[in-house]
Amino acid sequence: IEFRNVSFRYASGPPVLTDFNLTVRAGETIALVGPSGGGKSTIVSLACRFYEPTAGSILINGVDYRERSLGWLQSQLGMVLQTPHLFKGTVRENIRYGRLDATDAEVEAAARRVNAHEFISRMETGYDTPVGEGGNRLSSGERQLLSFARALLAEPQIFIMDEATSSIDTEAEQLIQQGLEAIFAGRISFVIAHRLSTIRRADRILVITGGRIEECGTHAELIRRRGHYHELYTSQFWREREEAVLEQSGA
């Protein structure tokens, strides 16, 4: 995917992006961090063609994506959002929604790859267990693991993860972290994450401020640079340590 001199503004208001350039190759994981309103979600929305650039172009394999059908692009996309949507039905049915012609074996394989199989196997009737209205019989972490399995089952070429670990507990996050390598392998991935621990292994971390790339590099490179990312990461690290100490003392 190539963003070539992309500018964008909503119907009213100032420009969100101006002459934005970015090239992402297959197999790369790109993490987007920065303040709210900086342009992170706009970049992802443009990549998904929820919006189109007001100037410039976005190319996929060298072709402007406006020359392709929306159906083609949507068939290449997999998304996991902060609040996953599960419908009333079984675990198996909710995972299979990612690809309706998937076999039971393929559904189970997707669940294994994202570390969901173990908790599913402990449920009363395994994959045939009803999840309840909106998944209300599951924890937030379990719902999120099912949404990852569903996204992986679709075998998307472009994967979007938008604040997908911000509302789950640490144990569930660790399970998801272990499963992310299976999801990211061989495909383009964009990750927006509030918890910076989620993105430490990204190929490139972009600090987006005011619609531009303020910093770019791996986690280690940006920590050594001691710039905006270093400030964000260290402040969050110490805040989480303080919260953990307070929880232990309260217990």
Side-chain angles (χ1 to χ4, degrees), residues 1 3 22-35 38-41 43-44 47-48 76-82 84 109-118 140-141 144-209 213-241 244:
I1 297 179
F3 289 72
L22 175 66
T23 299
V24 187
R25 293 173 176 81
E28 275 197 293
T29 298
I30 303 297
L32 305 173
V33 303
K40 304 185 299 295
S41 294
I43 292 167
V44 167
C48 296
Q76 310 297 316
L77 289 173
M79 298 189 71
V80 177
L81 306 177
Q82 181 175 353
R112 287 182 182 277
R113 289 173 68 189
V114 300
N115 292 317
H117 177 75
E118 185 175 341
S140 59
Q144 201 62 289
L145 283 169
L146 290 193
S147 70
F148 274 99
R150 180 168 61 196
L152 182 60
L153 185 64
E155 292 293 348
Q157 296 305 302
I158 302 168
F159 181 73
I160 309 294
M161 194 172 100
D162 191 351
E163 298 286 10
T165 61
S166 61
S167 59
I168 62 175
D169 58 46
T170 304
E171 183 178 352
E173 185 190 13
Q174 289 174 347
L175 284 174
I176 288 174
Q177 289 277 28
Q178 294 165 12
L180 285 179
E181 290 185 12
I183 293 176
F184 292 160
R187 52 181 55 91
I188 288 173
S189 301
F190 290 96
V191 180
I192 299 176
H194 173 69
R195 285 185 181 174
L196 299 184
S197 56
T198 306
I199 61 169
R200 289 187 59 170
R201 296 183 181 179
D203 295 296
R204 279 184 285 165
I205 299 170
L206 310 184
V207 180
I208 306 296
T209 308
I213 300 173
E214 180 181 340
E215 294 178 341
C216 174
T218 65
H219 170 78
E221 290 168 348
L222 294 180
I223 289 294
R224 286 196 298 268
R225 199 171 298 170
R226 304 185 70 83
H228 193 166
Y229 179 80
H230 176 272
E231 181 182 340
L232 287 172
Y233 187 83
T234 52
S235 63
Q236 187 174 111
F237 175 79
W238 287 111
R239 185 169 64 251
E240 289 176 352
R241 286 200 64 177

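Numbering starts at 1 and runs along the sequence shown. Worth saying up front: this structure is predicted, and the values here are computed from it rather than measured.
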Go through the steps to decide whether Val44 and Met161 satisfy the test side chain to side chain contact (heavy atoms under 4.5 Å, CB included), and finish with yes or no. CA-CA 9 Å; Val44 167; Met161 194 172 100; over 6 Å; no
Hey, does Arg150 have a side-chain heavy atom less than 4.5 Å from the side chain of Leu153? no
Over all heavy atoms of both residues, which pair between Phe3 and Ile43 is shortest? Give the atoms and the distance, please. CZ-O, 3.6 Å
Leu145 versus Val114, closest heavy-atom pair with distance: CD2-O, 3.3 Å
Inspect the contact between Arg112 and Glu118 and indicate whether a charged nitrogen and a carboxylate oxygen are less than 4.0 angstrom apart. no
Gap separating the CG atom of Leu77 from the CD1 atom of Ile160, nearest 0.5 angstrom: 6.5 Å
Restricting to non-hydrogen atoms, name the atom on Val207 and the atom on Tyr229 that form the minimum distance, rounded to 0.1 Å. CG2-CB, 3.9 Å
Are Val33 and Ile199 packed together at the side-chain level, in the sense that at least one heavy-atom pair is separated by less than 4.5 angstrom? yes
So how far is it from Tyr233 OH to Leu222 CG, rounded to the nearest 0.5 Å? 12.0 Å
Between Arg113 and Glu155, does any NZ, NE, NH1 or NH2 come within less than 4.0 Å of an OD or OE carboxylate oxygen? yes
Verify, without hydrogens or angle tests, whether Lys40 (side chain) and Ile192 (backbone) share a donor-acceptor contact under 3.5 angstrom. no
What pair of heavy atoms forms the shortest contact from Arg25 to Ile188, and how long is it? O-CG1, 3.5 Å
Could you walk me through whether Asp203 and Thr218 pass the side chain to side chain contact (heavy atoms under 4.5 Å, CB included) test, one step at a time? CA-CA 6 Å; Asp203 295 296; Thr218 65; over 6 Å; no
Looking only at heavy atoms, the pair that brings Ala31 and Ala202 closest together is CB-CB, 3.9 Å
Any side-chain donor paired with an acceptor under 3.5 Å for His228 and Glu214? yes
One thing to verify: whether Arg204 and Glu28 come together as a salt bridge, which I'm taking to mean a side-chain N less than 4.0 angstrom from a carboxylate O. yes
The reported gap from CZ in Arg224 to NE2 in His219 (rounded to nearest 0.5 angstrom) is 10.0 Å
One pair to check against side chain to side chain contact (heavy atoms under 4.5 Å, CB included): Met79 and Phe159. What are the steps and the verdict? CA-CA 6 Å; Met79 298 189 71; Phe159 181 73; over 6 Å; no
With a 4.5 Å heavy-atom cut-off, do Gln144 and Val80 have their side chains touching? yes
To the nearest 0.5 Å, atom CD1 of Ile205 lies from atom CD1 of Ile30 at 10.0 Å
Say you draw a straight line from CG of Leu22 to CG of Leu206; how long is it, rounded to the nearest 0.5 Å? 6.0 Å
Just wondering, are more than 12 heavy atoms of other shown residues or ligands nearer than 6.0 Å to CZ in Arg225? yes
Let me confirm one number: the CD1-CD distance from Ile1 to Gln76, rounded to the nearest 0.5 Å. 10.0 Å
Grab the two heavy atoms, one from Pro35 and one from Ile208, that are nearest each other, plus how far apart they are. CD-O, 3.5 Å
